[in-house]
Each structure stands twice: as structure tokens, then as C-alpha cells.
Amino acid sequence: MTNQEIAAVFEQVADLLEYQSANPFRVRAYRNGAKKIGELAEPLAAIHGDAARRLTELEGIGKDLAEKIATLLATGTLPMLVELQAQIPAGVLTLSRVPGVGPKKAAALHKELGISSLAELRAACEEQRVRGLKGFGAKTEETILKGLAVAEEAGVRMRWADAERVVDALLEHMRGEPAIKQLEIAGSFRRGRETIGDLDLLVDATDVPAAMDRFGAFPQVQETLARGDTKMTVRLASGLQVDLRVVPAESFGAALQYFTGSKDHNVIVRGRAKQQGLKVSDWGVFRIEAAEGESKETYIAGRTEEEVYAAVGLPWFPPEMREAREEFNWAAAGALPTLVTLEDIRGDLHMHTTASDGQDSIEAMVAAARARGLSYVAITDHSKRVSMARGLDGDRLRRQWREVDQVNRQSDDVEVLKGIECDILEKGGMDLPDDVLAEADWVIASVHYGQNQSRQQITERILEALENPHVDMLAHPTGRLINRREPYDVDLDRVMAAAVKHRKLLELNANPARLDLNDVYCAAAKRLGIPIVINTDAHHTDGMDVMRFGVLQARRGGLTAANVANTRPFAEFRQLIGGE
DNA sequence: GCCGTTTTCGGCCCGACTGTTTTCAGTCG
């Protein structure tokens, strides 16, 4: 078993224990263990197999978890998990994927109403049977109905970053087969969509059965759903479906173009081809010639995507652009934007330290930024309203800034801005007084509380914050968490208009669960000339590695380096935010 | 269930707010 699979088992145990109202610290121990194992670079099997070492040397792994890991490595199953699963009806746990429904509410729904699936829960809410239960009311019922959409989506679509882990493992596995000459993942994964429904793997191989055998032998495969001459479909243990298509070399580019999509993009490409007497399919580009009542097709392109697009008079489009939005207009004008890349990024303007809920010191974060080639950062811990994260009041913040000054003096290659992630309070207004904010180099305004307020209320709060002359940027502008929480009901058009008027910046938060602003609003910000800042919101040094997810989202929004403020050299960035 | 140690068990980060309830579950980073 791989580390990821073992981590998944412990996560499942934690979920089931939580459902049974087990000791919360015991639940946490399993979750913590799963997290540690998931982040481990070295295979557990290697540590376990080394007589000189013990699994308990890993932080968070004690005698008990070490034994369970050994059992999993030896047998592939865990009796404790099997036992727990026998006690808890399948499906009940999926109920707690609904925001507002935790293990306790899920248990009550099952026990009182016999509900064990999202569909049954929806029906019960619609029939207003839920509001009668103890601890539930009409409002809860409404919340559940709203949350059901999130939960149902989460069941079928995986976040891009999670899919990437599967993709990396799958590609590495497939490269072990010498008959495979070319290998690409197509589909929405290649286009960089926020969430992925399934994976499409495209292969050019000299020996089709060998490629398919290799595919079927991927360790995460649970079941082979279909296997034909050119196509094979499997389902992984995680539930993700993966399609394999084997194509000849002369069709590889055409198939890659075809299966990358999007469908809407391809409809336009094929329409253009038709007008020119051509046909584009997943096998290639063909010229159609009518001769004596019969039509003849001649292959003219298909080895590479460039060849396919060129054959129909189009430039090669970066996959992130292929959504039938602006790309054909850009092509017609002869000017596809050069999309921003990770290498363009020079600064990271949103991160936390041990002063609030981060795990590393200012020095450590600056060193991590240096190691990633950045030339400036902002230290932006939480303000006092975020009490759970030990948010800073004015006094503690000023003390921290003195520390930042000191770090700045010792760092000649990374500039450190004195910043704050200041909460926008529920009743309106900023969480810190103006005289404190006035001393900051960089002020982020954020909504963390009162996310369920009305559109009017929440929009007004944000507009008021944007009017504050000390505020530089609005962080994660809609607060959504992919597959977990809907965006708050904010009028982004008004927010954007205010950002233009008051010359504020908007964040694209690179955390793979946030990625907010999303692609569509990034494109809108670009049209309005609002600079976007792509930030990691790192809570530890490794957290800075998520920058590339933000860049991918920005690319989907059609952003160039010029549209992204933190691609600028420090002096220019400083000028943009009104510093000296 | 882990950790640390004071070697046998107590602490584990935590406090305000909402909705619904009358004592608590869920949520926020």
C-alpha cells in the first residue's frame, strides 16, 4: 500500500469515529497521522522494512498507529476499519459533507428518519420532515437544501490539485512501459479547471495490449469497466474514473486536441474547418473532395496539435484558454495574450506566522521566499477579531513590525513589507483603528465572519472597506471553498467598480481550495484594469508551494504578467500601492 | 490516540457567534 492509501484509511477511521462521537482527541490523532503520512516523502514500507528504524520515530505516529500501519502494509486491510464500517450504514457519512450537518446531525437524521443518502435527505427537506426533529428547525432545513448542491458536487468532482497527485502517479507508472511513445493527460485537467470529473489519458503506443495491460496494473485501479481495441476505462479506489485511449502517432495531436476540449471550443474549430472544406476529428484533419457524386477524404494533419490548428488557420491555444470565451477573437486579431507563468511571480503578499495561526517565524517565511526566488513578501497575520487564530491587536502588531524591520535590515535580497490581514467586522468597519492601519506598508481587508449575511449587508461591508484609504487589497473576494462552501452572496460587480474607483487590488488566493477570484472574474478584472495579486496565504513555509495553482487559475482567466501586480519588480509594486 | 514525563495520566489551541434551544452542534482561520 502507498502512503496515500494508508492516509486515506486513517482519514476514513477518523470520519467514522467522529460519527460515533468518539473522543475528539482520538479522532484528531488519526487525522493528524493521516496528514503526516500524506506529506511524507519516503514510503512507509521502506521505513517499516528497515530493521534499524521504527515507524514511531515519525511525529504523530505512536505505538498504536505504527501497528495499524504494519497491518495495512502486510494485509492491505485494517480490521478496525472493517468493524467500524459494519457498525455504520454506508451513505450516512456522506450526509456530513453537507455544510451545516456534522456527525451528530447526520446520526439524528439517520436514526429518526432513516436517511442514509443525499437524495433521501433532499426529499426529506423538501417534504419538510426535517424541521420537526429535535435540534433542527426551518432555518436548518433551508441551510441543508442549499448545502446539498455543494455535497452532491463534491461527490463527483475532485479538486485540480488532488487530481494532480493521481495524474503524477499514473504518468510515472505508465512511463514504465517501453511500448508507449507519447503520453498526455487531456480533458479538463489539462485545461486546468478548478475541479475534475474524470481523467482522459492519451497514449501513442507500438503495442496496444501492452499499454492497456500496464494501465490495468496501475495500483490505484479498483475495477476495469471496459476494454476494447482503442479505449479502456477503469475506476480507481478513490472513485475517479479514468479513460485510456490509444491512438496512432499520425493522430496523436488530433486526439489530444479533440479530447482536451472544451466541447464548445471544439465545436467552433470544427465549424471553421467545415467552411474551408475540411473535417477535424480525433483522427486528424481531412480535406473533403467531392468527385463524381462521391466524397473522398485526404489526411492532411494530425501528428501534433500545432499541425491541427495550423491546418484550419488557427494558432495553437494554451489549453487553459480553450473555453470558447475570447480566444477566437484574440486569434482573429492576431494577438493571443502571453499568459502569466510561475516564473513571472516576484512577490507573495499574503502569509501568516506564529504570531497568529501560522506555524513558522518571520525569518523562516522570508528564507522560504528567498528559496523560491521571490524578491519581496508581506507578513500579514490575522487581526484581533479572529480570536481563534490569536489575531493581533494594535500593540502586538506594532511589536511585530519592529521585528519585521529587524529582519528587513538583515535581508538584502528579499524586501519584507509590514502588513496585516485585517478583518472586515460583521457590523461593518475595520477590526483595527485607522492610526494603526496608517502605519502599515500593506493592508489586506478580509471577510471571515458573518458570511451568511444578506447580499446587501455583505456587499456594503466590503464597499466600506474599499473606501478606507489605508486598505490596499481585498483578499479571497467571495470566500468560497471548493466543494465545501459556497461563495458568500456578494455583488462582485459593485465590488469591482469600487476597486476601480478607489484604485484597490483584488486577490487571487492560490490555495487550491479557494482559487478565488475565479477565472471568470479574473477576466472581468482584466477588462476593468484592476490589478490582480496572486497570493499563497501560506500558514507554513511549504504553503508557499501553492503559488502555481493560483497561476493556473490566472491563466484560465486570460491574465498576462502585466495584469498581475506581483510580477512587477519591487519598486514598481511599491509605487502601485502608493508607497515611496 | 499521541506526547511527555513529574513512569501513569493529564493535556491536547481556542472563543465568539448563530440557530435553535434551554445545553449544544456547527462554524470561522
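All values reported here derive from a predicted model rather than from experimental measurement. Residue numbers begin at 1 in each chain, while the letters A, B, ... track the order of the sequences.
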It should be established whether [X] places a side-chain nitrogen or oxygen under 4.0 Å from OP1 or OP2 of nucleotide [N].
X        : N      : answer
A:Arg485 : B:dC28 : yes
A:Thr143 : B:dG19 : no
A:Tyr30  : B:dG1  : yes
A:Gln451 : B:dG29 : yes
A:Arg28  : B:dC13 : yes

Separation between the [atom1] atoms of [N] and [M], rounded to whole Å:
N      : M      : atom1 : result
B:dC3  : B:dT8  : C1'   : 13 Å
B:dT23 : B:dT18 : C1'   : 15 Å
B:dC17 : B:dC13 : P     : 23 Å
B:dG29 : B:dA16 : C1'   : 13 Å
B:dC14 : B:dC28 : C1'   : 12 Å
B:dT5  : B:dG10 : C1'   : 11 Å

In whole angstroms, how far is the [atom2] atom of [N] from the [atom1] atom of [X]?
X        : N      : atom1 : atom2 : value
A:Met388 : B:dG26 : CE    : C1'   : 11 Å
A:Glu142 : B:dT18 : CD    : C1'   : 14 Å
A:Arg385 : B:dG15 : CZ    : P     : 13 Å
A:Leu133 : B:dG26 : CG    : P     : 14 Å
A:Leu425 : B:dC28 : CG    : P     : 18 Å
A:Glu57  : B:dG4  : CD    : P     : 14 Å
A:Lys139 : B:dT18 : NZ    : C1'   : 9 Å
A:Gln359 : B:dG29 : CD    : C1'   : 12 Å

Legend entry - Sidechain N-carboxylate O distance under 4.0 Å for A:Arg494, A:Glu460: yes

Legend entry - Electrostatic pair A:Arg385:A:Asp423 at N-O distance under 4.0 angstrom: no

Inset, instruction - Between A:Lys68 and A:Ala106, just flag the one whose closest nucleotide in DNA chain B comes earlier from the 5' side. - result: A:Lys68

Inset, instruction - Flag the pair A:His540 / A:His352 as yes when their ring centroid distance falls below 6.0 Å, and as no otherwise. - result: no

Legend entry - Ring centers of A:Phe573, A:Trp442 separated by less than 6.0 Å: yes

Counting side-chain heavy atoms from C-beta on, which of [options] comes nearest to [X]?
X        : options                : result
A:Asn23  : B:dC28, B:dG1, B:dT22  : B:dG1
A:Lys105 : B:dG19, B:dG26, B:dG1  : B:dG26
A:Glu426 : B:dG29, B:dC17, B:dC28 : B:dC17
A:Tyr449 : B:dC28, B:dG29, B:dC2  : B:dC28
A:Lys134 : B:dT20, B:dT22, B:dG29 : B:dT22

Inset, instruction - Flag this pair as yes if the NZ/CZ of A:Lys105 is under 6.0 angstrom from the six-membered ring centre of A:Phe136 and inside a 45 degree cone about the axis; otherwise no. - result: yes

Inset, instruction - Tell me the partner of B:dG19, counting only Watson-Crick (N1-N3 plus N6-O4 or O6-N4) or G-U wobble (N1-O2 and O6-N3) with both under 3.5 Å; none if nothing fits. - result: B:dC24

Legend entry - Residues A:Asp537 and A:Asn509: side-chain donor-acceptor under 3.5 angstrom: yes

Inset, instruction - Classify the nucleic acid contact of A:Arg514 as base, sugar-phosphate or nothing, counting any heavy atom under 4.0 Å across all strands shown. - result: sugar-phosphate

Going by atom type alone, with no hydrogens or angles, which donor-acceptor pairs under 3.5 Å involve a side-chain atom of residues 85-96 of chain A and a protein atom two or more places apart or on another chain?
| residue | atom | partner | partner atom | Å |
| --- | --- | --- | --- | --- |
| A:Gln87 | OE1 | A:Gln20 | NE2 | 2.6 |
| A:Thr94 | OG1 | A:Gly91 | O | 2.5 |
| A:Ser96 | OG | A:Leu93 | O | 2.7 |

